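First the structure, in the form of C-alpha cells, and then the observations on it.
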Amino acid sequence: MNLGRTEDRPTAAPRPGAALAALAAAQFTVMLATSIVNVALPQIRDGVGLSDEGVTWVVNAYSLAFGALLLPGGRAGDLLGRRRVLVAGLGLFAGASLAAALASSPGMLITARTAQGLGAAAIAPAALALTVDLFPPGPARGRALGVWGAVSGAGGAAGVLLGGILTQAWGWPWIFHAVALGTVLVLLAVAALVPRGGGRAAGRFDVPGTVTVTLALTCLVWALTSARGAGWTDPGVLGALLAALVLFAAFVGTERRRPDALVPPRLFATGRLAGGNLLMALLGSVWIALFFFLPLYQQQVLGMSALATGAGQLPFAAANMLGALAAPRLARRTGGTVTLTAALLCEAAGLLWLSRVDSGGSYAVDVLGPIVLAGLGLGVAFVQLTALCVDGVPGPDAGLAGGLVNTTRQIGGVIGLACLATLAGSVTARVSGHASAPEALTAGYRAAFAVSAAILTVTALLAPLLTRPGRRTSGADAAGAPARTSHPPHGPGATAPPRRCQDPDRAPAT
C-alpha cells in the first residue's frame, strides 16, 4: 500500500499549552487503564465468573495487545496522520471500556480488554509524536516532556487510587465506566485543541515486517505472562519463547532488505535512540513490577483496604510529578547524563530501602519514605529517557520513535514482572514451611525489591556509556539541556550558521 507523501493542511497552534494538556490527558488515560484494575481483580473474578488463572488475563490481555501493537501503531500515525490515528485510537478505547463495563462473561471482558490495548497502542505513540511536533528542540520541549512524564507516573498511581474508590463505592464495572467517560472527554479535547500535523511520512506500510514483529511480540508477551502461573519449564511457554526467537530473527532478516522497513536503520543513525531504549527497557522492568508488588504488600501483609492502598500511592504520585517537572531544569544545570544517572541511583536507593520491609511493619515506617525517594528518581529518569529516545529523530519518524520507546518500556516491564514474580514466589515457597504467611510473603517481596534495586544500579552505571552524543539532529541535550556545539567561525569566507527551522519536521541536521 503506497501512501506517498501527502500534507495534512497544517494549522498553527495558537495555544500550545492547551494542546499539550489534551495530549497529556490522552497519555494519562492509557496509564490509568494499565493499573486501575489491579485492586479490583477479586471483585471482577467473582462478578463475571473467572477462574483464578483466568483473572490474570484481565491484566494480560491489555498488556499483550498494547505491547505487541505499539510499533505498528506508531508507524500508522506517521503514514496516516498522527492526529487522525490518535482520535481513532481514543474512539476505540472508549468503546472498549464501555464494553468491559457491560461484560457479563469472561470472554466478553477479555475481548474488551484486548480492544482497549489495541486502542492504547494507537494513542500512546501518536500523542508523544504530536507533543514533539508542537515544541521545537530546547527548553520548551524539555518542559513539555516534563509534563508528559508527570502525567505518565501520576496515571499509574491514580489508577490504583481510583480503582479502590470506585470498586468500594459502586462496584468494579464503574472503573470501566469512568475510563470510558474520561476517554470521551479527552477525545473532544484533542479534536478541539490539537492542530493537524505538518506532514506524513513517505513510503509504504511494511506489512510483512508488521505481521512478523507483531507475532513475535505476541509470542514473547504471552510466554512471559503465562510463565508466572505455568512455570518456565511449561511446554507451551518454551514453545512460545522459541517461536518469538524465530520470528524476531525473521523480522531482522526481512527488514534489512526492505526499502520501507517498519524499523528503518536510519532511525538508529541519529541521536541516542538505541541506548535510550535499552535503558528504558531496564527502567520499565522495575517500574511496572513496583506497581505490582507494592499494593500486594500493603493489602496482604499490612492488611490495608483497597481504598487505603490506593490512597497510599498519592505520595508516590506527588513525588513522581515533582521529579518529572524538575527534570528539564536539572538537565539544563547539570547535563542530561548526570541528571539521568543521579535519578536512577535515587530510585535504586528507594527500592533498596523497600527491600527492608517487615511483616510486622507499618505504612508510615516501611513504605512512605522509600516510595517518595523512588518516585522522585522515577519521574526524572522517565523524562530524561523519553527525551533521549526522541532526540535527533527526523520528524516523519517521530511516531515510530514514540512507538518504539513505549514498546521497550512495556516489553521490559513484562519481562521484569515475570522474572521478579517468579523470584518472589520461589522465595515465599522456600520459607513458608518455617514462617507465617505474612512473613513468607514479605520475604518474597523483599527479594523482588532488592533485585529491582540492583537492576537500577546497573542501569545507572550503563547510562554514561549508552548516552554518549552521536550524530544529532536536534538542538537540545535530553530534556532541555543545551547541546554542546562549537561556536560558528567568523571572518571572511566563514559559513553563516543555519537559520533555525520553526517546523520540527524540517529541522536541519547539525
Side-chain angles (χ1 to χ4, degrees), residues 1 3 8 19 22-34 61-100 111-134 148 151-152 155 176 179-180 182-191 193-197 200-201 203 205-207 209-211 213-215 217-218 221 262-263 386 389-390 393 396-411:
M1 179 171 59
L3 300 173
D8 262 351
L23 294 170
Q27 174 70 2
F28 180 89
T29 302
V30 169
M31 299 305 298
L32 182 79
T34 304
Y62 179 86
S63 301
L64 184 62
F66 187 27
L69 295 169
L70 274 164
L71 281 177
R75 196 55 177 163
D78 290 336
L79 295 173
L80 302 175
R82 293 159 193 160
R83 184 174 179 273
R84 181 180 294 117
V85 169
L86 175 59
V87 169
L90 287 167
L92 174 60
F93 197 85
S97 300
L98 180 60
T111 300
R113 284 289 283 172
T114 303
Q116 266 192 320
L118 175 59
I123 294 168
L128 178 57
L130 285 166
T131 300
V132 172
D133 283 345
L134 279 172
W148 184 269
V151 300
S152 296
F176 296 115
V179 171
T183 305
V184 170
L185 295 176
V186 172
L187 192 157
L188 295 175
V190 167
L193 301 173
V194 177
R196 293 184 176 90
R200 289 179 259 161
F205 196 84
D206 180 12
V207 177
T210 298
V211 171
V213 76
T214 300
L215 289 174
L217 289 170
T218 300
V221 175
L262 177 65
V263 185
T386 302
C389 293
V390 299
V393 175
D397 292 328
L400 179 58
L404 186 60
V405 66
N406 278 283
T407 298
T408 54
R409 178 180 58 78
Q410 188 73 11
I411 299 302

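Nothing here was measured: the structure is a model prediction, and the numbers come from that model.
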Heavy atoms of Pro195 and Leu134 approach each other most closely as CG-CD2, 3.9 Å

Taking all atoms of both residues into account, what is the closest heavy-atom pair of Ala65 and Leu118, and its distance?
CB-N, 3.8 Å

For Val151 and Phe28, work out which heavy atoms get closest and say how close.
O-CD1, 3.5 Å

Assess whether a salt bridge exists between Arg82 and Asp133, defined as any Lys/Arg side-chain N lying under 4.0 Å from an Asp/Glu carboxylate O.
yes

For the atom pair CD (Gln27) and CG (Leu32), what is the distance rounded to the nearest 0.5 Å?
11.5 Å

With rounding to the nearest 0.5 Å, note down the distance linking CG in Leu23 to CZ in Arg83.
10.0 Å

If the condition is side chain to side chain contact (heavy atoms under 4.5 Å, CB included), which residues does Thr218 pass it with, not counting sequence neighbours?
Leu64, Ala68, Thr214

Name the atoms and distances for all side-chain donor-acceptor pairs under 3.5 Å in residues 119-129, with sequence neighbours left out.
none

So, using side-chain hydrogen bond (donor to acceptor under 3.5 Å, both in side chains) as the criterion, who are the partners of Thr408 when residues are at least two apart?
Asn277

Do Phe93 and Thr29 have side chains that get closer than 4.5 Å, going by heavy atoms?
yes

side-chain hydrogen bond (donor to acceptor under 3.5 Å, both in side chains) contacts in which one or both residues fall within residues 115-130, not counting sequence neighbours:
Ser97-Gln116, Arg113-Gln116

How would you list, by chain and number, every residue that makes a ring pair (Phe, Tyr, Trp, His ring centres under 6.0 Å) with Tyr62, sequence neighbours excluded?
Phe66

Measuring from atom OG1 of Thr114 to atom CG of Leu69, what distance do you get when rounded to the nearest 0.5 angstrom?
10.0 Å

Using the side chain to side chain contact (heavy atoms under 4.5 Å, CB included) criterion, which residues pair with Val190? Sequence neighbours excluded.
Ala22, Leu86, Val87, Leu90, Val186, Val194

Just by modelled atom types, is the Leu404 backbone N or O under 3.5 Å from a matching donor or acceptor in the Arg409 side chain?
no

